[in-house]
Amino acid sequence: MRNDNLPVWEVFVQPKTGAHFQHCGSVHATDKEMALQNARELYTRRQEGSCIWVVKAEDIVSSNPNDSESFFDPADDKVYRYPTFFKVSKKVKGL
Amino acid sequence: MEDRKERAFQDKIDAELKIEPKDWMPEKYRRHLIRQISQHAHSEIIGMQPEGNWITRAPSLRAKMVLIAKVQDEAGHGLYLYSATETLGITRNELITQLQTGKAKYSNIFNYPTLTWADVGAIGWLVDGAAIVNQQSLRRTSYGPYSRAMIRICKEESFHHRQGYEIMSKMALGTTEQQEMAQDALDRWWWPSLMMFGPHDSDSAHTSNAMQWKIKRETNDDLRQVFVDRAVKQAELIGLTIPDSELKWNPKNKNYDFGKIDWNEFWEVVNGNGFCNKERINNHVKAHEEGKWVRDAAIAYTEKNKNGARA
């Protein structure tokens with residue numbers, strides 16, 4: 001840990017119970033506890049959250065947007081994954 | 001190869017798609033963003049000083065609580081923006097060094113002193129009012145993290161704006177002495193607030209690329225006009241006079257024409273000769289140095305735990 005460049009933590013806030021966690025920015029902190037406290041002071045000053053996750057930025061693995069075409073390619077030709085792929089008579093109810 | 005990438009980049013921007021940190025971007029776009037967002041971040045942080053100056057002397061407990069919350073928000077805004085800048089591959093430490101050595105600028109307005117309580121009102125009403133006009137426009141900026149920070153900041157900023165206008169209204173409708181203080185604050189803050197939007201479009205060094213890349217969405221002059229039109233009516237309502245003898249309604253353009261801005265004053269202050277330039281940076285350096293032991297202790301504590309000293 002180099003002095004003055006404290007580790008960066010990414011912050012995810014769940015706006016209310018039952019909702020998805022959303023990324024909202026980052027904080028600097030030396031440990032988990034400080035990261036959580038800093039995230040609370042920074043991103044939930046107006047009750048914007050019911051829960052916070054913090055995770056060290058260096059531990060996050062991201063796909064590369066420049067390769068997104070080939071990366072997401074496997075999903076391209078599988079239209080049968082959608083219900084609209086199947087023809088069903090209008091007479092059939094509840095399907 | 002570079003050409004093709006650059007064209008794809010511009011196509012994306014023209015299609016109103018956001019650019020994200022890991023996307024390819026021209027080096028000049030990255031540099032422009034680092035300069036602009038960090039300058040914005042520094043302004044929020046340095047902007048804590050003129051108002052912080054009045055926390056201990058706020059005229060009531062209510063006013064004091066509100067002002068503390070507002071100054072804390074400014075710190076928050078600075079941090080949202082540092083966080084966005086860091087996604088471009090520069091460290092917080094480098095950003096702070098640029099600020100403290102004068103390599104990076106912050107908004108000129110914060111080099112003016114806050115002489116009376118009315119100045120706290122004028123800052124909220126005019127300085128935050130001007131900032132809001134600019135920031136509302138920047139919500140549509142092409143860089144994702146910057147845009148998201150702006151959306152967040154705009155939500156919080158309108159409390160600041162109202163807080164300032166409330167102070168000004170109370171004083172403008174108060175005793176003769178209070179009225180004079182309110183008018184005096186308006187007289188001193190009006191022109192510097194207009195300067196906040198930066199040089200005229202014809203003289204602005206950064207406008208053209210920034211518009212093409214949709215970093216900026218509206219020009220300095222257009223945004224300044226929006227601010228003037230809003231502020232004139234707000235001043236009228238509380239009986240204050242905007243210190244500009246050339247200010248008058250233009251029925252053809254449906255906006256207010258206003259007098260010439262003293263750009264000599266603007267450049268003097270930019271170049272370090274404002275009332276408070278030195279004080280603002282010295283305070284920042286001092287706070288940073290005095291906080292060093294806290295950072296050191298936090299690092300030492302973490303290192304110690306890592307080495308198994310704590311069960």
field: Option in A:Ser62, A:Gly25, A:Ser68 with maximal non-hydrogen atom pairs under 4.5 Å from chain B
entry: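 The candidate making the most pairs under 4.5 Å is A:Ser62.
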Starting at [atom1] of [X], measure out to [atom2] of [Y] and round the result to the nearest 0.5 Å.
| X | Y | atom1 | atom2 | result |
| --- | --- | --- | --- | --- |
| B:Asn305 | A:Lys32 | CG | NZ | 10.5 Å |
| A:Leu42 | B:Leu79 | CG | CG | 5.0 Å |
| A:Leu6 | B:Thr302 | CG | OG1 | 9.0 Å |
| B:Lys5 | A:Asn66 | NZ | CG | 7.0 Å |

Would you say [X] has more than 12 foreign heavy atoms packed within less than 6.0 Å of its [atom1]?
| X | atom1 | value |
| --- | --- | --- |
| A:Arg45 | CZ | yes |
| A:Phe71 | CZ | no |
| A:Ile60 | CD1 | yes |
| B:Glu16 | CD | yes |
| A:Lys78 | NZ | yes |
| A:Phe86 | CZ | yes |
| A:Gln47 | CD | no |

- prompt: Which atom pair, heavy atoms only, marks the closest approach of B:Arg152 to A:Tyr43?
  reply: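 That would be NH2-O, 2.7 Å.
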query: Which pair of non-hydrogen atoms, one from B:Asp23 and one from A:Pro65, has the smallest distance, and what is that distance?
result: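 Taking B:Asp23 first and A:Pro65 second, the nearest heavy atoms are OD1-CB, 3.1 Å.
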Chain A contact via B:Glu156 - which portion, at a heavy-atom distance below 4.5 Å: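 Contact with chain A is through both the backbone and side chain of B:Glu156.
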field: Criterion side-chain contact (heavy atoms from CB on, under 4.5 Å) on B:Lys22 and A:Ser63, from CA distance to verdict
entry: CA-CA 9 Å; B:Lys22 284 171 144 301; A:Ser63 66; over 6 Å; no
message: Strictly below 4.0 Å, N to O, side chains only: are A:Arg46 and B:Asp73 in salt-bridge contact?
response: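 Yes.
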- prompt: Are the side chain of B:Ser83 and the backbone of A:Ser26 linked by a donor-acceptor contact shorter than 3.5 Å?
  reply: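 Confirmed, B:Ser83 side chain pairs with A:Ser26 backbone.
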query: Are B:Arg295 and A:His28 side-chain neighbours, meaning at least one heavy-atom pair lies under 4.5 Å?
result: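 Not touching, per the 4.5 Å side-chain cut-off.
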- prompt: So what's closer than 4.5 Å to chain B heavy atoms on A:Asn64: side chain, backbone, both or neither?
  reply: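 A:Asn64 touches chain B through side-chain heavy atoms alone.
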- prompt: What part of A:Val27 gets closer than 4.5 Å to chain B, counting heavy atoms only: side chain, backbone, both or neither?
  reply: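 Nothing of A:Val27, per the 4.5 Å heavy-atom cut-off to chain B.
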message: For B:Tyr301 and A:Thr30: C-alpha separation, side-chain torsions, deciding distance, then whether side-chain contact (heavy atoms from CB on, under 4.5 Å) applies.
response: CA-CA 9 Å; B:Tyr301 177 75; A:Thr30 51; over 6 Å; no
